[in-house]
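Below is one structure, written out as C-alpha cells; the observations come after it.
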Amino acid sequence: MASTEIEEIGSFSISSSKFNWKIKNFSEFTTMYTYSDVFTAGSFKWRACIYPKGMGKVYDHLSLYLVPVDLTKSVNTEYCFAITSQTDRNNKVRKEQKQKFLEETTRGWGWTSFMPLSELHDPSKGYIVDDTCVISIEVTCWTMKEEDSSDDGVKESGDPHKVPEAKRSKTIENSQ
C-alpha cells in the first residue's frame with residue numbers, strides 16, 4: 001500500500017510517499033538481492049532494494065537501499081526505512097537520510113549495515129513473523145519549479161535545507 005502527498009510552496013514542488021513492503025517467505029531468499037515493486041513520490045519513481053544477507057564485505061547485517069527508476073532530472077530527497085516488530089510496535093529500527101539523486105542515475109543510496117541479522121532473525125524481537133518481514137519506506141522529494149512554463153515545470157533544486165516547512169494537503173492512496 002502506498003500513499004502520496006503533493007504540495008507546492010513558493011518556488012518548490014514537494015511530494016511525499018509512504019510505502020509498506022511486505023516480504024513473504026523471507027528465509028527462502030536464494031538471490032543476493034531483490035527489489036520492491038515500483039512506487040512514486042510526485043512524478044518520481046522509486047523502488048527499494050534489499051540484500052537479506054548483507055552486501056559486499058558486510059554479511060552480518062541487513063542492507064537496504066532506495067533506488068531511482070527512470071530518473072530524468074535531479075531531485076533532492078529525504079527518506080527513511082523502518083522495520084517495526086510485528087509483536088511489539090514499540091520495538092523498531094528506523095534510519096533516515098538526505099540525498100541528492102542526479103539525473104539519469106540508477107545508483108541506490110542507503111545502508112550497508114541497516115541492522116544486525118542476529119537481531120532481525122531473533123524470534124523474540126518479532127521483526128519476522130510467519131516468515132514475513134514488513135519494511136516501511138517514506139520518501140520526500142523536492143524540486144524547484146521552472147519560471148518558464150514551456151517545459152514540465154520543475155528543475156534541479158538548490159540546498160535541501162532551505163526548503164520551507166509545508167503542510168501537505170493532498171493525499172492520493174494507491175494499492176501496491
| query | How far apart are the C-alpha atoms of Ile135 and Asn20, what are their side-chain angles, what is the distance that settles it, and do they pass the side chain to side chain contact (heavy atoms under 4.5 Å, CB included) test? | reply | CA-CA 6 Å; Ile135 301 172; Asn20 286 322; over 6 Å; no
| query | Can you tell me how far NZ of Lys53 sits from CG of Leu120, rounded to the nearest 0.5 angstrom? | reply | 11.0 Å
| note | Here the gap from Ser113 atom OG to Met55 atom CE, rounded to the nearest 0.5 Å, amounts to 11.0 Å
| query | If every non-hydrogen atom of Leu71 is compared with every non-hydrogen atom of Thr105, which pair is closest and at what distance? | reply | CD2-CG2, 3.8 Å
| If you take all heavy atoms of Ile83 and Cys133, which pair is closest and at what distance? | CG2-SG, 4.2 Å
| field | Nearest-0.5 Å distance that lies between atom OG1 in Thr140 and atom CD in Glu96 | value | 10.0 Å
| Any sub-3.5 Å donor-acceptor pair from Gln86's side-chain atoms to Thr132's backbone N or O? | yes
| request: Establish, yes or no, whether the cationic atom of Lys95 lies under 6.0 Å from the six-membered ring centre of Phe114 and within 45° of the ring axis. | output: yes
| Minimum heavy-atom distance between Phe81 and Ala48, given as atom pair plus value | CE2-CB, 3.8 Å
| note | Correct closest heavy-atom pair for Ala41 and Cys141 would be CB-SG, 3.8 Å
| message | With a 4.5 Å cut-off on side-chain heavy-atom distances among I, L, V, M, F, W and Y, is there a chain of contacts connecting Leu64 to Val134? | response | no
| task | Mind telling me whether Tyr51 and Tyr33 have parallel, tilted or perpendicular rings, with 30° and 60° as the class edges? | result | tilted
| task | Please say whether more than 12 non-hydrogen atoms of neighbouring residues, nucleotides or ligands are located less than 6.0 Å from NZ in Lys45. | result | no
| task | Would you check if Cys80 and Arg94 make a side-chain contact, meaning some heavy-atom pair closer than 4.5 Å? | result | yes
| task | Applying ring-ring contact (aromatic ring centres under 6.0 Å, His included), run through Tyr65 and Trp109 and close with a yes or a no. | result | CA-CA 5 Å; Tyr65 301 91; Trp109 290 92; 9.2 Å; no
| message | Taking the six-membered ring for Trp, are Phe101 and Trp46 closer than 6.0 Å centroid to centroid? | response | yes
| message | If I take atom CH2 from residue Trp21 and atom CG from residue Asp37, how far apart are they, to the nearest 0.5 angstrom? | response | 9.0 Å
| query | Out of Asp122, Asn91, Thr84, which one pairs with Tyr127 under the side-chain hydrogen bond (donor to acceptor under 3.5 Å, both in side chains) rule? | reply | Asn91
| task | Drop me the distance from Lys125's NZ to Ser118's OG, to the nearest 0.5 angstrom. | result | 8.5 Å
| query | Any side-chain donor-acceptor pair under 3.5 Å between Tyr79 and Glu138? | reply | no
| query | Out of curiosity, Ser85 OG to Asn90 CG, how far, rounded to the nearest 0.5 Å? | reply | 9.0 Å
